[in-house]
Engineer: 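To start, I am sharing the structure in question, which I have written as structure tokens.
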Amino acid sequence: VIAVDGLGMSQKNEVAIIRNSTCLGDGFPVDFAGWDSAFASFTGNGASGSFRFSASRVAYGGVPGPARVCWGSDPAGGFAHIVSIGEFMMVGPNTLELSCTMGVECSSTVTGVGLTVDNRVAVVEGSCAP
């Protein structure tokens with residue numbers, strides 16, 4: 001949940017998590033597997049309220065890294081998400097495709113954002129999705 005206080009908030013307000021250094025330009029919404037949308041509508045009483053990103057599960061896939069939280073007064077009415085209200089950082093590993101041959105040593109390097117020595121990797125058959 002991203003809590004926002006302000007004056008004159010309305011149900012037309014929306015925030016989006018955009019992959020760009022600013023809210024202007026050709027940024028695009030983040031796409032994390034497990035999240036239903038990178039957009040959230042306002043719920044509140046006009047003076048304060050919150051924006052809730054609809055996530056059916058925790059994020060378990062996508063590209064980690066920085067993004068910007070952008071607000072729009074009426075994006076559906078043509079007023080884009082042009083006001084920057086914060087920064088967002090998704091930490092985790094970058095996508096890795098690995099192919100090994102039985103009987104031959106196999107190694108790879110996992111890269112990502114915010115990884116620590118406490119992180120672990122497992123090879124599984126099928127999906128890692130919860």
Side-chain angles (χ1 to χ4, degrees):
V1 174
I2 296 175
V4 176
D5 292 321
L7 297 174
M9 299 289 225
S10 80
Q11 300 300 319
K12 293 181 180 182
N13 294 171
E14 186 177 77
V15 295
I17 300 177
I18 305 290
R19 271 237 203 260
N20 206 353
S21 58
T22 70
C23 292
L24 301 173
D26 58 358
F28 53 94
V30 297
D31 182 20
F32 299 118
W35 281 23
D36 298 328
S37 178
F39 300 93
S41 296
F42 178 74
T43 56
N45 62 13
S48 66
S50 63
F51 295 89
R52 180 178 301 274
F53 289 91
S54 178
S56 57
R57 299 180 289 246
V58 298
Y60 61 85
V63 178
R68 183 136 312 271
V69 181
C70 303
W71 175 86
S73 63
D74 184 9
F79 297 96
H81 304 89
I82 60 171
V83 179
S84 175
I85 62 171
E87 297 177 358
F88 179 87
M89 177 68 73
M90 179 62 81
V91 298
N94 291 317
T95 302
L96 173 69
E97 293 199 25
L98 179 63
S99 178
C100 299
T101 302
M102 287 197 314
V104 177
E105 185 177 322
C106 184
S107 67
S108 183
T109 301
V110 176
T111 61
V113 175
L115 302 181
T116 70
V117 296
D118 296 322
N119 297 148
R120 300 290 179 259
V121 174
V123 178
V124 298
E125 183 175 347
S127 174
C128 295

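Along the sequence shown, residues are numbered consecutively beginning with 1. Note that the structure is predicted; figures quoted are calculated from it, not measured.
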Engineer: If we only count heavy atoms from C-beta on, is the Ser73 to Asn13 side-chain gap below 4.5 Å?
Structural biologist: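 The answer is yes; the side chains approach within 4.5 Å.
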Engineer: Please give me the minimum heavy-atom distance between Gly62 and Phe32, naming the atom from each residue.
Structural biologist: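 Nearest pair, atom of Gly62 first, then Phe32: CA-CD2, 4.2 Å.
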Engineer: Could you tell me if the side chain of Cys23 sits less than 4.5 Å from the side chain of His81, heavy atoms only?
Structural biologist: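 The answer is no, as the side chains (C-beta and beyond) never meet within the 4.5 Å cut-off.
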Engineer: Between Trp71 and Phe88, is there shared hydrophobic-cluster membership here, with clusters defined by ILVMFWY side-chain heavy atoms closer than 4.5 Å?
Structural biologist: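 They do share one cluster, since a chain of ILVMFWY contacts under 4.5 Å joins Trp71 to Phe88.
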Engineer: If the condition is salt bridge (charged side-chain N to carboxylate O under 4.0 Å, His left out), which residues does Glu87 pass it with, not counting sequence neighbours?
Structural biologist: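 Glu87 satisfies salt bridge (charged side-chain N to carboxylate O under 4.0 Å, His left out) with Arg68 only.
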Engineer: Under the criterion side chain to side chain contact (heavy atoms under 4.5 Å, CB included), I'd like the reasoning laid out for Val69 against Ser84: C-alpha separation, chi angles, the key distance, then a yes or no.
Structural biologist: CA-CA 6 Å; Val69 181; Ser84 175; over 6 Å; no
Engineer: Flag yes if Ile82 and Ile17 sit in one hydrophobic cluster, no otherwise; membership is Ile, Leu, Val, Met, Phe, Trp, Tyr, and two members link when side-chain heavy atoms are under 4.5 Å apart.
Structural biologist: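 Looking at the clustering, Ile17 is in the same group as Ile82.
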Engineer: Sequence neighbours left out, cut at 3.5 Å: what donor-acceptor pairs do the side chains of residues 89-96 make with other protein atoms?
Structural biologist:
from: Asn94; atom 1: ND2; to: Thr111; atom 2: OG1; distance (Å): 3.0

Engineer: Nearest 0.5 angstrom please: Cys106 SG to Leu98 CG, how far?
Structural biologist: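 Nearest 0.5 Å value for the SG-CG distance: 4.5 Å.
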Engineer: Is it the case that one hydrophobic cluster holds both Phe28 and Val63, taking links as side-chain heavy atoms less than 4.5 Å apart, direct or via other members?
Structural biologist: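 No, Phe28 does not connect to Val63 through the hydrophobic network.
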Engineer: Is it the case that over 12 heavy atoms from other parts of the model lie below 6.0 angstrom from the CG atom of Asn119?
Structural biologist: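 Atom CG in Asn119 is crowded, with more than 12 foreign heavy atoms closer than 6.0 Å.
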